[in-house]
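Input: a single structure, listed below in structure tokens.
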Number of protein chains: 4
Amino acid sequence: MTPSPERRRELLGVAAEVFAAQGYNATTVRKIADAAGMLAGSLYYHFDSKESMLDEILATFLDELWAGYDAVLAAGLGPRETIEALVTESFREIDRHHAAVAIYQKESRHLSVQPRFTYLADSQRKFEKAWLGTLERGVADGVFRADLDIRLTYRFVRDTVWVAASWYRPGGLHSPEEIARQYLSMVLDGIALGERTP
Amino acid sequence: MTPSPERRRELLGVAAEVFAAQGYNATTVRKIADAAGMLAGSLYYHFDSKESMLDEILATFLDELWAGYDAVLAAGLGPRETIEALVTESFREIDRHHAAVAIYQKESRHLSVQPRFTYLADSQRKFEKAWLGTLERGVADGVFRADLDIRLTYRFVRDTVWVAASWYRPGGLHSPEEIARQYLSMVLDGIALGERTP
Amino acid sequence: MTPSPERRRELLGVAAEVFAAQGYNATTVRKIADAAGMLAGSLYYHFDSKESMLDEILATFLDELWAGYDAVLAAGLGPRETIEALVTESFREIDRHHAAVAIYQKESRHLSVQPRFTYLADSQRKFEKAWLGTLERGVADGVFRADLDIRLTYRFVRDTVWVAASWYRPGGLHSPEEIARQYLSMVLDGIALGERTP
Amino acid sequence: MTPSPERRRELLGVAAEVFAAQGYNATTVRKIADAAGMLAGSLYYHFDSKESMLDEILATFLDELWAGYDAVLAAGLGPRETIEALVTESFREIDRHHAAVAIYQKESRHLSVQPRFTYLADSQRKFEKAWLGTLERGVADGVFRADLDIRLTYRFVRDTVWVAASWYRPGGLHSPEEIARQYLSMVLDGIALGERTP
DNA sequence: TATGAATGAGTGTTCATTCAT
DNA sequence: TATGAATGAACACTCATTCAT
């Protein structure tokens, strides 16, 4: 009568992988069941609906993401160090939850309008506040350039980091930390050599 | 046999908008028809299938994109100038075809394995060759940094530009050229102020 | 405003051919229009509906068939000669209206229950009366065998003749009259050689 | 993966009945489901498609038919006895599979061109070889008439037997064996009384 | 816990038919 | 007379979900 939480977690892992690979809409409950070695109807012993699986996958991911982010933001670092820590933390999350991140990337926009998924929009707002605030603080402190549209900069950094989930595969050539290092180097210093264009 | 091309183009515009907003799979033919002010079945007077609409949208976009890219690549510019021109051209395409670009972004990965859409994979290979080649030339010429993983750099620049389609709306605050200018400035010189980290 | 009867006849010929080749249900109005070199909607200038084309094809055929049959039946021939004349006349109709006959063969059973096509059932009853009556007369006169179930004999002769429409092609090896001659020879005398089995 | 074979057989029986009565094309999946007391979609738990139902019905019938025919052909009977045995076997098959036979009759011509149903054409060729060969042997042995076009004779016997499926209903007045006896008597000896026409 | 069999709403698509031009 | 464009009902099929076992 009460399904074991471990089995749930296992099944959610399977579901996340399939959602990420095929897209939520294109994923049938049967495909998930196949991948889990059971019949479609059997999943309903563990979960209320396909949507509730998606819900749980995203919510779990966001919980962990914010645990990491909140720790960084509470550490009282300078703006540049905060950005560096957030980017590194982000790549670590992509490494740990790459399926969930891929799903989030593809589906969050149209999900966030549904009542069940308002927490996605909430998270996004909180996210924007943290990053945009840090960037603004950096501009004020003179560590980030002041000649750029700050919202454009925000989107640039945000997208740059998270789209990486679309090609990132855990266990690849570079560790999340190494990728973070190189990305930060590009974002902060640019890819051009020599004098900066004035 | 080939009903009025203008009407087709109109309807494809409507379809692209809906595909971009809701995702291809989540878009029903009835939604497209609703948006076009007609009945679902009526679309089949103009198109063979939902898939053929998608096909035509993507193929038209890629044709125009490559017309622009090929012109840039044939101009004999230096690596930095080539990158600048390609990025600018890309933002122009995002401006002109923002729906098609958004669709491409979301769907190309799983579409490119279907026989009908092999041209997506072809385009992607050609794309990678052009960008990666230019970056390599730039490293050899000493205009781009040599201390970065070149494929990581490629992905960074590529994604950075094209994800912009997810938030870009034509007629917004900045022109495509202005966005390109700021993006190039960030990508080439970084967002940090002061001495570059050695 | 009043479509010319000649064009109608032309188009009915085309329609009959397609109905016969593909079956009525499997024949789309568009296929008929294609075969006639026009667009589907244009047929509706000449005919009320797809069904009315079928109706006119079958009714025309049955009218001609009964003109021939009635002439035979009115001739006052003996039973054997009547059967011979009916069979010969039938093969001539198959030759002249092979498409209509093929359609009749395939569709009459399920059509005859529809109010519009009650004349099919009427014709069939009249048909049965003429043939069965002639056979009974023949049995009474001692020219046909009395040891057979008469209804079975009727079905045997009837089917034997009309199924030929399924393989008969006008302008083939044998003339309708020659086929009739051989069929009558088989039906009347059997295909076996030597003494009849007692 | 393979749901209960008994239920499948039940449902195929229902489907065959409806196909036979209304024609394959005119039969909607809904009608079959109605006749089976379930909803249209539920059929797809048991079968891949409407076409696969048809396929299984026809293939099962032909398998059984050829089991019977092959036994007859392997028995080493004389030509006349072979024909008698084949006709009797045919009426038994019509009795056992009257729906499948009716479907075969109506649909095989246009189905046999589809790749999925090539076995229909194969069967037809094998069928023709067996019957035509036996008839030719009979003519050579002097037990069948030599003055008839042999292909015409073949078509005559073949059609004569199989069209019976269009009116035959199991449990009727005559057993299949009795019908076979009378049909054979007509086919072999003719329906006329007295001296044969020279 | 999982299965087998079903439901019912919805999906892409077809097609006879209509009608202004 | 014929076309081009549309309608609307129906169709084969899919799929999330249910439930007795």
Side-chain angles (χ1 to χ4, degrees), chain A residues 1-4 7-8 11 24-33 36-53, chain B residues 1-4 7-8 11 24-33 36-53, chain C residues 1-4 7-8 11 24-33 36-54, chain D residues 1-4 7-8 11 25-33 36-53:
Chain A
M1 290 288 134
T2 27
S4 93
R7 190 83 179 99
R8 281 174 69 89
L11 294 172
Y24 174 71
N25 277 304
T27 298
T28 70
V29 171
R30 209 175 148 177
K31 278 181 195 160
I32 301 173
M38 63 196 329
L39 290 178
S42 309
L43 282 171
Y44 288 81
Y45 177 77
H46 301 278
F47 306 99
D48 285 346
S49 65
K50 180 184 165 188
E51 201 183 65
S52 81
M53 293 188 229
Chain B
M1 283 292 129
T2 27
S4 138
R7 190 78 177 105
R8 282 174 71 89
L11 293 172
Y24 174 72
N25 277 307
T27 298
T28 72
V29 171
R30 278 170 179 88
K31 279 182 197 160
I32 301 173
M38 65 195 328
L39 289 175
S42 308
L43 283 170
Y44 289 81
Y45 179 75
H46 301 277
F47 305 100
D48 284 345
S49 65
K50 182 184 165 189
E51 201 184 66
S52 80
M53 293 187 225
Chain C
M1 289 288 135
T2 27
S4 91
R7 190 83 178 100
R8 281 174 69 90
L11 293 172
Y24 174 71
N25 277 303
T27 298
T28 69
V29 171
R30 210 175 147 175
K31 279 182 195 161
I32 302 172
M38 63 195 331
L39 290 178
S42 309
L43 281 171
Y44 287 81
Y45 177 77
H46 301 278
F47 305 100
D48 286 345
S49 65
K50 180 183 163 187
E51 200 183 65
S52 80
M53 293 187 228
L54 176 63
Chain D
M1 284 292 128
T2 28
S4 138
R7 190 80 178 104
R8 282 174 71 89
L11 294 171
N25 277 306
T27 298
T28 71
V29 170
R30 245 184 126 135
K31 280 182 195 160
I32 301 173
M38 66 195 327
L39 290 175
S42 308
L43 284 171
Y44 290 81
Y45 179 74
H46 301 277
F47 305 99
D48 285 344
S49 65
K50 182 183 163 188
E51 200 183 68
S52 80
M53 293 188 225

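Values below: all heavy atoms of this structure, side chains included; hydrogens, waters and symmetry mates excluded. Within every chain, numbering begins at 1; the chains are lettered A, B, ... in the order of the sequence lines, protein sequences first and strands thereafter.
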Can you measure [X] atom [atom1] to [N] atom [atom2] for me and round it to whole angstrom units?
X: A:N25; N: E:dT11; atom1: CG; atom2: P; value: 11 Å
X: D:F47; N: F:dC13; atom1: CZ; atom2: P; value: 13 Å
X: D:Y45; N: F:dC19; atom1: OH; atom2: P; value: 17 Å
X: A:E51; N: F:dC15; atom1: CD; atom2: C1'; value: 15 Å
X: A:L39; N: F:dT18; atom1: CG; atom2: P; value: 17 Å
X: A:K50; N: F:dT18; atom1: NZ; atom2: P; value: 14 Å
X: D:D48; N: F:dT14; atom1: CG; atom2: C1'; value: 13 Å

Touch check for [X], heavy atoms < 4.0 angstrom, all strands: base, sugar-phosphate only, or nothing?
X: B:T28; answer: sugar-phosphate
X: B:R30; answer: base
X: D:S52; answer: nothing

Exercise for the section: May I ask you to evaluate whether A:S42 reaches the phosphate of E:dT1, defined as a side-chain N or O under 4.0 Å from OP1 or OP2? Expected result: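 A:S42 to E:dT1 OP1/OP2: no side-chain N or O under 4.0 Å.
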Problem - Under-4.0 Å side-chain N/O to phosphate OP1/OP2 contact, C:H46 with F:dA2 - result: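 True: C:H46 side-chain N/O within range (under 4.0 Å) of F:dA2 OP1/OP2.
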Exercise for the section: For C:G41 and for B:G37, locate the closest nucleotide of DNA chain F by heavy-atom distance; then report the residue assigned to the nucleotide nearer the 5' terminus. Expected result: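 Looking at DNA chain F, the more 5' nearest nucleotide goes with C:G41.
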